[in-house]
Structures are given as structure tokens and as C-alpha cells.
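Bear in mind that the values here come from a model prediction, so they are computed numbers and not experimental data.
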2 protein chains.
Amino acid sequence: MTELLTRNILNHITLSNKKLENFCNLFNNKEVLKKHFLLREGEICKFEGFVTKGLFRVYHIDSNGFEQVLYFAQESWWITDIDSFTNEKPSQLYIQALEDSEVLLISKKDKEFAYNNIPKIEKLFRVMTQKTHIALQRRIIDNLSKTADQRYIDFIEKYPNLFQRLTNVQIAAYLGISHEFLSKIRRKIASKK
Amino acid sequence: MTELLTRNILNHITLSNKKLENFCNLFNNKEVLKKHFLLREGEICKFEGFVTKGLFRVYHIDSNGFEQVLYFAQESWWITDIDSFTNEKPSQLYIQALEDSEVLLISKKDKEFAYNNIPKIEKLFRVMTQKTHIALQRRIIDNLSKTADQRYIDFIEKYPNLFQRLTNVQIAAYLGISHEFLSKIRRKIASKK
DNA sequence: ACAAAACATTGAACTAGTTCAATAAATGAA
DNA sequence: TTCATTTATTGAACTAGTTCAATGTTTTGT
């Protein structure tokens, strides 16, 4: 059950089998059915999660009622509201399963325990946060400099499998455009081929 | 000379005076005159820096020749290209002083040394990276959901002192709009008061 | 297998933001 | 002080993206 997780950890750091097992034992498995929520706006995010099956969307609803997708999380992705989790304040985000999913959850207390007892875990999360950080910077630049057409093409190239599992409404919410406009972009691209 | 730095560190973690001093001694002071560069596209970023005086812009030039500002760094801000620095690959960013500035620099080797010999430093950078991460997420959501008017108003409220030190060209490059349009936004806001 | 709901496409009218060119004001270097 | 450069403002024409409403298609729940 924690096989994907151990593989993911060893991708970032080296760790003895025993410590790896100790750390993995801090996680609890949870099933989340399609359309069900792992987190809702206003709640305090009590977990950090690792997706072992299925697909989630992490999104925000703005003051006009529009949904913005911050990111999608499929198998081997981590999900949490880092702001809510770290600072124990109400979340501004929703985390919802887009397919029947399973996720391994660790609590704040257990994560702190791991930080204090397995120093390499501090490194693991520093390295992972850094990678996410790089990806976020990249996305800000892309959002500022690229046209919606190009961002859509980039998305398909970068996440071909996500692209197949998502509706255009979801992709448009990630790209920051209306789904009608995405539809027009798709037509334009299709006619060029 | 490292007073701002020690204060900044103690804002994030607790650390004995001796370890604090050891860590601070790993930094070298560097003067960067207005318009001079700390980093250029294509170079490998060899440092992580802490600004003690002045103001920098961290920006990218896209394929159409437009400049996008990723962030500004004034006193007590950290600057680096984390992607280039961490992965030792050519940078896509420019870091330029907008005023006569001073910055404390630490090399990758010395930072690794600190990670290995002062465990709290690992925590320091994890905590800081996490905070930046939260801010970047916030910015992505704002860029997707807010109109340029609102982003400009938010910027002024959030960074009133930066606002005074920056030209409209720089602010527009941060907001992701043309400086002409920013000028029109300013007129509109002014006429409403 | 059926009805209801969610999804995708399209066109027409609209709006936010760009581009280009002209002009004035502020700043900087010698 | 002066000349050159950067900065800010403005208007007019344009373009990328939105909004709304209509229509057909697919998926879902029962």
C-alpha cells in the first residue's frame, strides 16, 4: 500500500529501510469517492497527503464565484493546503476528488515527530518544497508571458495523461480562461492540422 | 554588517549565538551598483543572497523580448535563482540592482556545509521556502482571478514602500500589463478620489 | 433503459488590455 | 547648464479573451 510512497521518497533522498518504514507507518490510508471533498474552504487543513490512486483538483473560488484550479494531483503527487496546514488557519481552498481516489494522510503532529526523529525527513520536505517552488515560478512567468493558446499546448505536452483524464472545464480553470474560449482554441488548433 | 541577517534568521528559527555567528561568517558582502547585474540569463547562479541595502529586480525576458518581473527584493529579502542554484543549470533569469545595493552572499558549498553541520539551518530554509511557496500560490490565484486594476491596488497596499521606490514600468512588468495600460489605470483611480 | 445533469461547441456582442505613435516631464551624465 | 535618456501620459485602432444564450452530445444515477 505504501509502495508508491516509498518509491517517491527514495526519488528525493536516501533513507535506510527501517527509517523508511517508520516514516511510512505514520500515514493512514483514506478512500475519497468521486466528487467528495478532502478539504473545504474555511476548514483547517489537518493533513498532508500522498495520492496513491485517482485524481484530485485543488482549487479556489473567487469573490465572483469563479473557480481557479491551483493544481491537479494524480498518483504520486502530494496534496495539502500548505498555508492552512502550516499556520493552522482556515483554508481558502477546496480539495476534491475527480475520480474515485485513495490517499495516504499524515497529521501535523506525526510530521513534526518525523522531523524531530528522522533528520532526513526535514531534507525530504525541503527538497520537495523547493521543486514545487521552481514549478510555481515557472507557472507565474508562463501566465504572464504566454498566450492562452500556447499555455494550452504546453499543458497537453507536459501532462498528456492528465489531459486525457480531465474535462475542458477543469483545464480551462487551470489555464485561467473561460471554457468557451478553450473550445475555440481547440477548434483553431484542430483546423490547423 | 550581518545584523539584519541575524534578525531575519531569528524571525524564523531559534539558534544559539555561536551557531548564528558561525553561519553568518559563511557570507561575503558584495556591493552592486545601480543597473549592474548579480546574475544574467545563461549563467549558473552560484549564490544565495540576502539584501542588506538597496533594491533588486528578478526578471525574465520572454521570446518576444518582454520583461516579466518575478519579484523585487529590498532590504531583508533573499535573492537567488533557486532552480539554477539547486540544479546547477543555466539560469533563465536576470537579477539587477535598481539602486546602489549591498548583498550578503553564500556559496552552494558553504550552504551545504551549514546544512550538514547546523541542522537548524535545514529547518530555516525549509520554513522560508514554505513561506515563499505560500506567497507564490497566492500570486497565481490573484493573477488568474483579479483584474489588473485590483492587482495594482493590492500591490500598493501590500508593498507601499516598494511602490514609492519603483517606476511604473517596473510595476507594470510585475503585474503583467503594459506600462501604458498601468498609466490609464492610475488615471482612472485618481479621478475617482 | 430513461431522465436529468454535466459537458462541449458555436456565434454575436462586448470589455480588458495591447500596440503604436506622439508629446511632455523628470532624471542623469558630462 | 545642457543634451540625451528614461519615464509618464494620452488617444486611436486593434486583439485576446469574456459573456450570454442557444443547441447538441455525453455521462450519470436509478
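Contact annotation: Arg187(A) does not reach the phosphate of dT9(C) (side-chain N/O to OP1 or OP2, under 4.0 Å). When the side-chain nitrogen and oxygen atoms of Arg186(B) are compared with OP1 and OP2 of dA8(D), none of them lie within a distance under 4.0 Å. The phosphate of dT9(C) (OP1 or OP2) has a side-chain N or O of Asn168(A) nearer than 4.0 angstrom.
Atom CG in Leu166(A) sits about 15 Å away from atom C1' in dA8(C), given to the nearest Å. Lys188(B) places its NZ atom 14 Å from the P atom of dT10(D), with the value rounded to the nearest Å. Computed from coordinates, the Leu33(B) CG to dA29(C) P distance equals 11 Å when rounded to whole Å. Rounding to whole angstrom units, CD of residue Gln150(B) and P of dT15(C) are separated by 19 Å.
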List the protein contact pattern of nucleotides 17-30 of chain D with one symbol per nucleotide (5' to 3'): B for base contact, S for sugar-phosphate-only contact, - for none; contact means a heavy-atom distance under 4.0 Å.
BBBB-------S--
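With hydrogens and angles disregarded, a donor-acceptor distance shorter than 3.5 Å links the side chain of Asn116(A) to the backbone of Glu112(A). Distance alone, capped at 3.5 Å, places no donor-acceptor pair between the His60(A) side chain and the Glu67(A) backbone.
Taking CD1 of Ile61(A) as the start and OH of Tyr94(A) as the end, the distance is 4.0 Å to the nearest 0.5 Å. In this structure, CD1 on Ile141(A) lies 4.5 Å from CG on Leu70(B), to the nearest 0.5 angstrom.
The salt bridge (charged side-chain N to carboxylate O under 4.0 Å, His left out) contacts involving residues 24-51 of chain B comprise Glu48(B)-Lys111(B), where partners must be two or more places apart or lie in separate chains.
Centroid-to-centroid, the aromatic rings of Phe125(B) and Trp78(B) come within less than 6.0 Å.
Using a 4.0 Å heavy-atom cutoff across all strands shown, Ser183(B) reaches at least one base atom of the nucleic acid.
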